[in-house]
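Below is one structure, written out as structure tokens; the observations come after it.
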Amino acid sequence: MIHLRFCLLLIASAAACGRGDVPPDHTASPTTYPTEVIEVAEVGFATPESVLHDTVADVYLVSNISGAPVAKDDDGFISRLSPEGQVEQLKWIDGTTANVTLHAPKGLIIRGDTLYVADIDCVRRFVRTTGAPAGEICFPGATFLNDLGMDGNGSLYVTDSGLNADFTSSGTDALWLFTPDGQTSQLQKGDSLGHPNGIAFNDEGGFVVTFGTGEIYQFGPDNIRRTVLPGAPARQLDGIVFTRDGGYLFSSWGDRAVHHVDAQGATSRLLEDVESPADIGYDAKRNRVLVPLFAPNKVVIKQIPPAEG
Ligand SMILES: [Ca+2]
Ligand SMILES: [Ca+2]
């Protein structure tokens with residue numbers, strides 16, 4: 001059963017989001033913006049961890065851990081969701097099928113026509129167009145591979161959050177670099193990484209948000225980390241994305257919120273009172289954040305306000 005709640009708010013008003021469909025307000029003045037909130041719930045998601053916009057197919061891919069985040073149970077799956085919030089295929093890639101291994105899929109990234117999926121101690125490859133398996137790259141000693149990033153040269157990175165199933169430390173915190181042909185190297189490791197979770201790149205380099213220490217820091221090939229937001233007012237950070245207006249968004253389980261930082265550094269809460277907002281995605285075409293809610297088995301899609309000025 002598909003349950004969709006679609007509502008439209010105007011920022012100029014504090015109208016509460018009601019049940020049922022609300023027609024778009026085409027009379028909105030330029031000083032207001034329509035903020036669509038699409039909630040996709042009760043569709044069969046099972047511990048959704050990450051959402052990625054496949055910009056070529058124009059669909060949203062949702063990774064579903066299904067069960068414990070470190071259990072090698074081969075029942076994880078990837079869903080395809082239309083930008084309107086309709087499930088096109090719940091188990092597009094399905095660990096329970098004979099030729100697919102997928103235990104607890106988390107971070108997703110597309111490079112060329114390959115989809116990469118972080119899965120406990122390996123990154124699994126699939127054909128972007130068909131979902132067919134296309135090999136894997138495994139990381140010796142990893143316990144909780146979490147998010148994937150790609151730098152300006154097309155090199156790929158994956159975080160190891162160093163966590164057990166109950167989110168206590170497994171002691172394997174790391175940042176790995178890997179090549180599409182399977183060469184791996186450990187760029188950084190150790191408890192000082194703070195249980196690194198989400199990773200994203202902009203023109204200045206790579207940024208990591210941490211689940212353990214609630215930090216956002218930049219790293220470079222010199223192996224030096226630098227705190228970008230000292231004392232970030234949030235805990236248990238999971239996802240980070242850069243937006244087309246020069247700002248960024250990050251999600252916090254501790255705050256039950258998705259925070260927006262604009263290009264001038266002003267912070268606000270784009271989404272509040274959401275349980276376990278995990279690895280957020282970004283639809284640059286529509287300027288939307290895509291938020292998987294880990295425990296409630298939902299995905300929330302929300303418009304981002306246009307930059308001022
Ligand atoms: Ca699983
Ligand atoms: Ca994550």
Side-chain angles (χ1 to χ4, degrees), residues 44-52 61-79 90-91 93-97 100-109 116-124 142-150 156-167 170 172-176 193-201 206-217 234-241 248-259 274-282 289-295 297 299:
F45 291 143
T47 324
E49 207 281 334
S50 182
V51 186
L52 177 73
L61 303 179
V62 182
S63 65
N64 291 264
I65 289 172
S66 188
V70 296
K72 292 189 174 179
D73 49 17
D74 204 13
D75 67 352
F77 60 94
I78 309 293
S79 308
L90 182 66
K91 297 188 176 182
I93 299 172
D94 182 358
T96 66
T97 56
V100 174
T101 299
L102 199 60
H103 300 302
K106 301 182 186 70
L108 307 167
I109 201 165
Y116 295 82
V117 183
D119 188 16
I120 302 178
D121 56 354
C122 298
V123 172
R124 306 193 195 281
T143 62
F144 204 110
L145 296 183
N146 202 325
D147 197 19
L148 294 156
M150 181 166 62
L156 296 166
Y157 300 75
V158 61
T159 57
D160 182 351
S161 295
L163 294 168
N164 297 308
D166 61 357
F167 296 147
S170 67
T172 67
D173 288 29
L175 176 64
W176 293 85
L193 296 180
H195 299 305
N197 195 333
I199 181 171
F201 284 79
F207 294 78
V208 166
V209 298
T210 70
F211 199 77
T213 52
E215 296 172 284
I216 302 175
Y217 56 78
R235 295 163 291 126
Q236 293 177 303
L237 308 187
D238 197 319
I240 178 171
V241 292
Y248 59 96
L249 302 160
F250 63 96
S251 60
S252 165
W253 291 39
D255 280 6
R256 299 168 59 91
V258 175
H259 296 259
V274 283
E275 185 179 356
S276 51
D279 184 18
I280 53 176
Y282 179 60
V289 66
L290 318 171
V291 186
L293 301 184
F294 188 97
N297 295 321
V299 170

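In each ligand, atom 1 is the first atom listed, and ligand 1 is the first ligand listed. Atom set for the values below is all heavy atoms of this structure, side chains included, hydrogens, waters and symmetry mates excluded. If you're wondering where the values come from, they're calculated on a predicted model, not measured in any experiment.
Looking only at its N/O/S atoms, Asp75 has OD1 as the one nearest to the Ca ion (ligand 1). For His103, the N/O/S atom at the shortest distance from the Ca ion (ligand 1) is named O.
Looking at Thr143, its side chain never comes within 3.5 Å of a backbone N or O of Ser170 through a donor-acceptor pair. No donor-acceptor pair under 3.5 Å is formed between the side chain of His195 and the backbone N or O of Thr210. In terms of modelled atom types and a separation under 3.5 Å, the side chain of Ser251 and the main chain of Gly239 share a donor-acceptor contact. Checked by atom type and distance alone, the side chain of Ser161 pairs as donor or acceptor with a backbone atom of Pro196 at under 3.5 Å.
Protein N/O/S atoms closer than 3.0 Å to the Ca ion (ligand 2), listed by chain and residue number, are Glu49 OE2, Asn146 OD1, Asn197 OD1, Asp238 OD1.
Counting backbone and side-chain atoms alike, Gly95 contributes no N/O/S atom closer than 3.0 Å to the Ca ion (ligand 1). Distances from the Ca ion (ligand 1) show that Asp73 has an N/O/S atom below 3.0 Å. Contact annotation: Thr47 places no N, O or S atom under 3.0 Å from the Ca ion (ligand 1).
Between Phe167 and Phe294, the ring planes lie tilted relative to each other; the angle falls in the 30° to 60° range.
Between Tyr248 and Phe207, the distance from one ring center to the other does not fall under 6.0 angstrom.
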Exercise. Checking side-chain hydrogen bond (donor to acceptor under 3.5 Å, both in side chains) for the pair Asn146/Thr159: CA distance, chi angles, key distance, verdict?
Worked result: CA-CA 6 Å; Asn146 202 325; Thr159 57; 5.2 Å; no
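In this structure, CG in Leu148 is found 9.5 Å from OH in Tyr116, a value given to the nearest 0.5 Å.
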